[in-house]
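None of these values were measured; they are calculated from a predicted model.
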There are 2 protein chains.
Amino acid sequence: MTRFVCRDCGLAFDVMVPRWRCDCGGLLDLEFSPRLDPAEVAGRPATLWRYREALPVPEGAELTLGEGFTPMLEVDLGGRNVLVKQEQLFPTGSYKDRGAAVMMAMAAHIGVTDVVEDSSGNAGCAVAAFAAKAGIRCRIFVPADNSPGKLGQIELYGAELNPVPGTREDTAAACMAAAEDRYYASHVYNPFFFHGTKTFAFEVVEQLGWRAPDTVVLPAGNGTLLLGAHIGFTELKAMGLIDRVPKLVAVQSARCAPLCAAFEAGAATVAQASSEPTLAEGIAIALPMRGEQMLRAVRDTGGVCLAVSEEAILAAFRDMGRKGFCIEPTSAAVAAGAAEYVRTAPRDEVVVTMFTGHGLKVGDKLHKLVSD
Amino acid sequence: MTRFVCRDCGLAFDVMVPRWRCDCGGLLDLEFSPRLDPAEVAGRPATLWRYREALPVPEGAELTLGEGFTPMLEVDLGGRNVLVKQEQLFPTGSYKDRGAAVMMAMAAHIGVTDVVEDSSGNAGCAVAAFAAKAGIRCRIFVPADNSPGKLGQIELYGAELNPVPGTREDTAAACMAAAEDRYYASHVYNPFFFHGTKTFAFEVVEQLGWRAPDTVVLPAGNGTLLLGAHIGFTELKAMGLIDRVPKLVAVQSARCAPLCAAFEAGAATVAQASSEPTLAEGIAIALPMRGEQMLRAVRDTGGVCLAVSEEAILAAFRDMGRKGFCIEPTSAAVAAGAAEYVRTAPRDEVVVTMFTGHGLKVGDKLHKLVSD
């Protein structure tokens with residue numbers, strides 16, 4: 001049976017009743033028994049729903065814009081061929097569609113008619129798109145100083161924008177207040193989101209012929225993919241489909257690197273980092289709510305945390321462009337991290353990484369980024 | 001054996017020698033014997049290269065950014081569920097990747113090191129990306145009054161921009177002059193491009209379980225997809241994989257509708273249309289070079305030409321957004337055409353259409369398009 005379980009106090013809750021945190025304030029995980037039969041999956045359409053028995057959404061409740069099973073291509077990174085999942089090719093232009101598809105399918109299944117979320121970036125777009133597909137009203141809380149141009153994609157999907165004066169934290173607080181009587185479609189708190197992003201691990205393993213890679217290099221902002229991938233690989237190991245969970249390497253911008261700081265210090269928790277503007281906006285999270293969980297995922301798998309410089313991000317962005325890949329700058333940070341990782345990694349390691357979002361997300365800035 | 005054949009004088013040429021038109025000035029087609037075995041194709045990766053025996057590129061010469069086998073989803077258009085190929089999900093954000101992948105693979109195969117093309121839009125992006133992937137130098141001729149912001153994606157791929165003062169025709173003329181001693185990677189003249197876009201037909205038929213739809217509604221600018229689809233369906237019929245070529249319905253903007261005018265008038269050729277600015281920029285071609293061929297494809301299949309208004313384009317754009325689809329305005333013209341077509345079509349017809357390009361192509365305009 002699928003249940004919410006509090007990470008702090010262990011209390012369990014029915015998933016048919018909307019909830020985004022425990023009564024004690026603790027973060028929720030999902031208790032769920034996946035099933036995955038490679039032979040059964042083989043002939044199905046190339047979307048993430050091919051793993052439907054491993055997803056905590058009842059059969060028939062699937063919600064799709066055609067997302068998932070992204071191509072995995074060899075790309076020269078740091079002088080070596082690394083396998084790169086093309087996650088920029090999702091319908092809304094980022095891997096966040098993995099989480100939003102599964103979370104909003106479940107929301108629709110339990111009869112939700114209104115959702116709130118706080119993200120002016122890729123997560124907001126993904127939630128808005130799948131809310132539109134499900135016919136669910138969507139309200140996105142954004143800092144009031146966001147430019148309208150940046151929010152056009154969210155508006156296009158028919159979501160209502162709710163500008164909040166003040167800091168990013170004020171926006172989150174306003175959204176949480178609204179979430180008292182509305183479904184909180186959060187890419188940070190809602191565990192269904194992570195059971196969407198976990199399909200990244202399933203696809204990597206299937207595309208490698210049902211083998212685990214040695215190392216997976218991932219972005220680390222709020223950890224939606226890092227934690228999702230950790231769940232996915234762990235489930236695959238528990239089902240006996242792979243023999244080990246790959247090393248998870250977490251990449252942050254050196255200008256906002258709370259996880260790296262905690263990792264280096266050998267700390268058990270993540271403290272708020274000082275933060276400067278960075279090209280890798282999408283992973284610039286000074287205090288990730290699930291930081292402790294992220295830290296544990298990296299350590300338990302024998303991975304490392306890497307912080308990359310602005311120079312390395314811009315160089316990777318331009319290098320990927322000249323190789324034919326149009327990716328957002330945040331994605332270039334991960335590419336730079338992967339390049340750095342393979343420079344000292346054992347030659348025989350199978351290393352997988354991914355592009356986070358499409359370069360067209362910042363289409364009006366491409367000229368400046370290339371020519372400055 | 002694969003050969004270029006002139007549509008006017010019938011002269012044939014070796015495809016190993018670069019050529020974009022006949023010595024008589026006539027347009028070239030490709031003479032080629034495709035092979036396609038559904039059983040063989042079934043287990044292959046979900047890219048257009050799964051049909052490699054039906055593509056005029058030798059085995060081993062494939063060039064890929066992960067393009068093709070786009071999802072085909074049911075979408076409510078004009079009050080009816082129409083099957084819509086999600087061609088906006090291609091690597092560069094448009095279906096032009098089909099043509100560019102095949103054309104540039106062939107160019108690389110015959111040892112081309114430099115290409116020229118004239119398109120500041122989706123075709124230019126696609127050619128630049130696959131040139132980058134192939135390590136081929138790429139020069140794109142664009143009207144000098146193009147804003148740099150619009151060309152950022154082309155620059156990102158490392159292509160050299162060649163601004164030409166004057167009209168769109170002046171740009172084409174400059175490119176043709178340069179093509180005297182460089183490979184002309186043209187989405188209008190180069191027949192390999194159309195043998196890339198033909199894979200659209202293969203995918204539709206495979207995704208329908210190796211059955212032909214009754215009708216396919218397509219954009220009609222230069223006809224790169226209309227003619228490609230016609231080649232594809234015709235080849236499938238010749239191979240005995242479908243029993244008829246579906247009706248091809250060509251959609252144009254009412255503000256630039258040369259094909260519609262010729263179709264209505266019962267003319268055999270297409271005359272230059274008067275043209276006003278339209279939201280459907282991507283199909284606003286006042287004098288399509290392959291107009292006669294396009295007209296014949298529509299007539300031979302029992303199709304029609306439809307011209308859609310600006311109001312219908314904008315309404316379709318917004319409607320698709322509210323359904324979760326982020327598409328470029330040109331694409332909304334095709335959606336509007338499909339909606340118009342099904343309103344009077346027999347209820348039992350299987351109708352397929354497509355989204356041409358991603359809405360993020362005009363990301364900075366989305367806010368205005370939604371809210372005005």
Could you work out, with ring-ring contact (aromatic ring centres under 6.0 Å, His included) as the rule, every residue matching A:F192, not counting sequence neighbours? A:F4
Between chain A and chain B: donor-acceptor pairs at under 3.5 Å:
residue: A:P91; atom: O; partner: B:H358; partner atom: NE2; Å: 2.8
residue: A:E155; atom: OE1; partner: B:H367; partner atom: ND1; Å: 2.6
residue: A:E155; atom: OE2; partner: B:H367; partner atom: ND1; Å: 3.1
residue: A:H358; atom: NE2; partner: B:P91; partner atom: O; Å: 2.8
residue: A:H367; atom: ND1; partner: B:E155; partner atom: OE1; Å: 2.6
residue: A:H367; atom: ND1; partner: B:E155; partner atom: OE2; Å: 3.1

Could you tell me which of B:G324, B:G359, B:P71 has the largest number of non-hydrogen atom pairs under 4.5 Å with chain A? B:G324
With sequence neighbours left out, what residues match A:F325 under ring-ring contact (aromatic ring centres under 6.0 Å, His included)? A:F355
Using the test ring-ring contact (aromatic ring centres under 6.0 Å, His included), find all partners of A:F200 that sit at least two apart in sequence or belong to another chain. none
Between B:C326, B:A129, B:G363, who has the most heavy-atom pairs with chain A when the cutoff is under 4.5 Å? B:C326
Relative to chain B, which segment of A:F317 carries a heavy atom at a distance below 4.5 Å: side chain, backbone, both, or neither? both
Counting heavy-atom pairs under 4.5 Å with chain B, the top scorer among A:A134, A:P91, A:G158, A:G93 is A:P91
Do you know which of A:A128, A:C125, A:G66, A:A159 has the most heavy-atom pairs under 4.5 Å to chain B? A:G66
B:L151, B:L366, B:L89, B:V370: which one forms the most heavy-atom pairs within less than 4.5 Å of chain A? B:L89
